[in-house]
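One structure is given below, represented as structure tokens, and several questions about it will come after.
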Amino acid sequence: MVGMIPTGFKALPLPILQLSLAAVLRCGQSFRWSIFQLQESESQASLPPQAGAPTVQPTHEYRLCLRDRVVCLRQSSDTLFYRSVYPDPQPTITQLPLREAETLAWLNDYFQLDVNLLKLYEQWAARDKVFAKFQDRFGGIRMLRQDPWENLISFICSSNNNISRITKMVQGLCKQYSSPLLSLPNPNSPTEETLYYPFPAPSVLAQPDVGTMLRTLGFGYRAEFIQRTAKMLVDEHGTATKLDDPSEESERWLMALRNKSTTEAREELLKFIGVRRKVADCILLMSLDKNEVIPVDTHVHQIAMKHYGMKGASGGKSNMTPKLYDELSSKLVGIWGDYAGWAHTVLFTADLKSFSNYGLSTPGTPPSLPGTPSPKKRSRASQVTSQDDVTPITPIAPSTVKRKISILAEEVSGLSLPPDTLPEAVSLADRVKRRRRITRTDSSPLP
DNA sequence: GATTAACCTGTA
DNA sequence: ACAGGTTAAT
């Protein structure tokens, strides 16, 4: 667990308007990223020298524990810095290039870098004046492509809950039910170390005593939902693993819902305990490639009433009936189109209280932590100043990533990446399919 | 089928 | 009271 070789960061050119880690990793899509604030000196030191114009240097490091490695990220205004750390035994010098290529492929898949976010913002702004008004202050907000199993459990936790608490619950669950993959010094004080836990497999959470244990961990009534859903999943779809792939059969079954229609996939998700329309739609959007799906919650309802003049109960709260849910959802899809779910997340994030001090005038500056006191609501329109000198919009170059992947792959064996080497990374087939879809979307103008 | 109370726990 | 709802009972 100790003594992994510290690997330096690699640089990937990426405009912050294509991806803002500070926004995306904290807006309630994923709840498992560790976030470290960097000290001034540190943020400059460990990074490759920047040629040319001065750029805003990283202020934070973000870390996520995958099944077989920890991915560490930092970001400047035009570059994503990444490195992966492996558990012992360390990869040999000969297998390292493949591992690094896998990490890059994972980044490309997880952040959906083949999707040109600037194009999408353009299209949404053209269709919708409300979006046009918000867009400048909330750039770089995109949909992650998460693991469906983790996503399912995380969003069962989300009912009647807030981001801060969901985060604690999910991390507590990983600590309780996974063995630490490795330990890593904190970016600031290398004397302190943090253990990194992967997300536990379905068969682990399906054990009968899990409900009770999660109760003691503060999950409340969601504790039994999780255990029962895990049990249903493994009973119905199996726990078998493959020789070179530690993922369980039921996880792969969930993953395969990506290939089904929105309606079919939703139908399957609704069978689980603790999953109704809203949670199902979150999973469809965030891990099953259903980009048009809009999860309608009370918050979205507020936004819809405030900015789009949609009906709601007089004054205060109203119950979200299935009928009202469908009305709101289809109305918003009508406004935003194919990638409506992505647009919804931009507005949702823009409206999050903890992001009220987030803006593009300071690209690297993250919002205050969830739960951290933040400025009371103020006139949004009044805050749209002081962001004139934002970096000129540079089109994303997906080819950069693809080229790097293939170069790295060739270094290894002269062949393309084996499909299932890294279960959490995209398989080769998946990547090819994805590329096609994006290409079609990008090239087809909106009606 | 549509409505409604109860649900765990933390924070405003 | 409310938090990015859901279950179980009318």
Side-chain angles (χ1 to χ4, degrees), chain A residues 23-31 141 143-144 146 151-173 210-232 266 269-287 293-307 312-313 315-329 332 340-356 367-377:
Chain A
V24 168
L25 299 187
R26 320 166 54 137
C27 69
Q29 294 187 51
S30 170
F31 303 95
I141 298 172
M143 192 57 53
L144 300 175
Q146 299 187 67
N151 202 216
L152 169 63
I153 298 306
S154 298
F155 278 84
I156 288 177
C157 295
S158 78
S159 78
N160 212 327
N161 210 345
N162 57 64
I163 294 177
S164 168
R165 185 171 164 219
I166 300 165
T167 302
K168 286 173 192 155
M169 288 162 63
V170 170
Q171 298 192 346
L173 178 148
V210 165
T212 315
M213 174 58 67
L214 291 182
R215 280 270 175 183
T216 72
L217 288 181
F219 279 63
Y221 58 83
R222 306 161 196 85
E224 288 77 22
F225 294 172
I226 291 170
Q227 187 276 329
R228 290 170 65 191
T229 285
K231 180 85 162 58
M232 289 171 69
R266 181 185 286 127
L269 292 175
L270 288 174
K271 292 176 182 170
F272 297 112
I273 304 295
V275 179
R276 296 289 290 164
R277 179 68 187 270
K278 190 270 175 180
V279 169
D281 281 0
C282 284
I283 299 162
L284 290 170
L285 173 64
M286 300 184 190
S287 63
V293 170
I294 299 183
V296 179
D297 53 39
T298 57
H299 205 149
V300 169
H301 189 192
Q302 312 288 333
I303 296 175
M305 289 190 296
K306 179 174 174 184
H307 297 288
K317 307 194 56 60
S318 71
N319 295 326
M320 181 54 59
T321 64
K323 181 166 143 55
L324 178 55
Y325 189 113
D326 277 331
E327 286 175 11
L328 289 173
S329 183
L332 292 173
W342 290 47
H344 135 276
T345 294
V346 176
L347 287 216
F348 182 90
T349 304
D351 219 53
L352 267 185
K353 280 204 213 95
S354 41
F355 281 78
S356 52
S368 55
L369 282 163
T372 299
S374 54
K376 290 280 178 154
K377 76 148 90 167

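Throughout, protein chains are lettered first and strands after them, A, B, ... in sequence-line order, and every chain is numbered starting at 1. This is a predicted model, so every value here is computed, not measured.
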Handout entry: Distance, C1' atom - from C:dA3 to B:dT3, rounded to whole angstrom
Key = 22 Å

Practice task
Go through the structure and list residues passing side chain to side chain donor-acceptor pair (under 3.5 Å) with A:Ser329, not counting sequence neighbours.
Solution key: none

Practice task
Look up atom NE2 in A:His299 and atom CG in A:Leu347, then write down how far apart they are to the nearest 0.5 Å.
Solution key: 10.0 Å

Practice task
Name all residues meeting the side-chain contact (heavy atoms from CB on, under 4.5 Å) criterion together with A:Thr229; count only those two or more places apart in sequence or in a different chain, and write none if there are none.
Solution key: A:Leu152, A:Ile156, A:Phe272, A:Ile273

Exercise for the section: Check whether any side-chain nitrogen or oxygen of A:Arg165 sits under 4.0 Å from OP1 or OP2 of C:dA3, and answer yes or no. Expected result: no

Exercise for the section: Look at all strands and tell whether A:Cys157 reaches a base, only sugar-phosphate, or nothing, counting heavy atoms closer than 4.0 Å. Expected result: nothing

Problem - Interatomic distance at P, C:dA9 relative to B:dC8, whole Å - result: 14 Å

Practice task
Considering only atom P, compute the distance from C:dG4 to B:dA5 and round it to an integer number of Å.
Solution key: 22 Å

Handout entry: hbond_proxy A:Tyr221 side chain to C:dG5 base (donor-acceptor, 3.5 Å cutoff)
Key = yes

Practice task
Take A:Gly274 and A:Cys282, find for each the nucleotide of DNA chain C with the closest heavy atom, and name the residue whose nucleotide sits nearer the 5' end.
Solution key: A:Cys282

Handout entry: Runs of at least three Watson-Crick or G-U pairs with DNA chain C, cut-off 3.5 Å
Key = B:2-7 with C:5-10, B:9-11 with C:1-3

Problem - A:Lys278 (side chain) and C:dG4 (base): donor-acceptor pair under 3.5 Å - result: yes

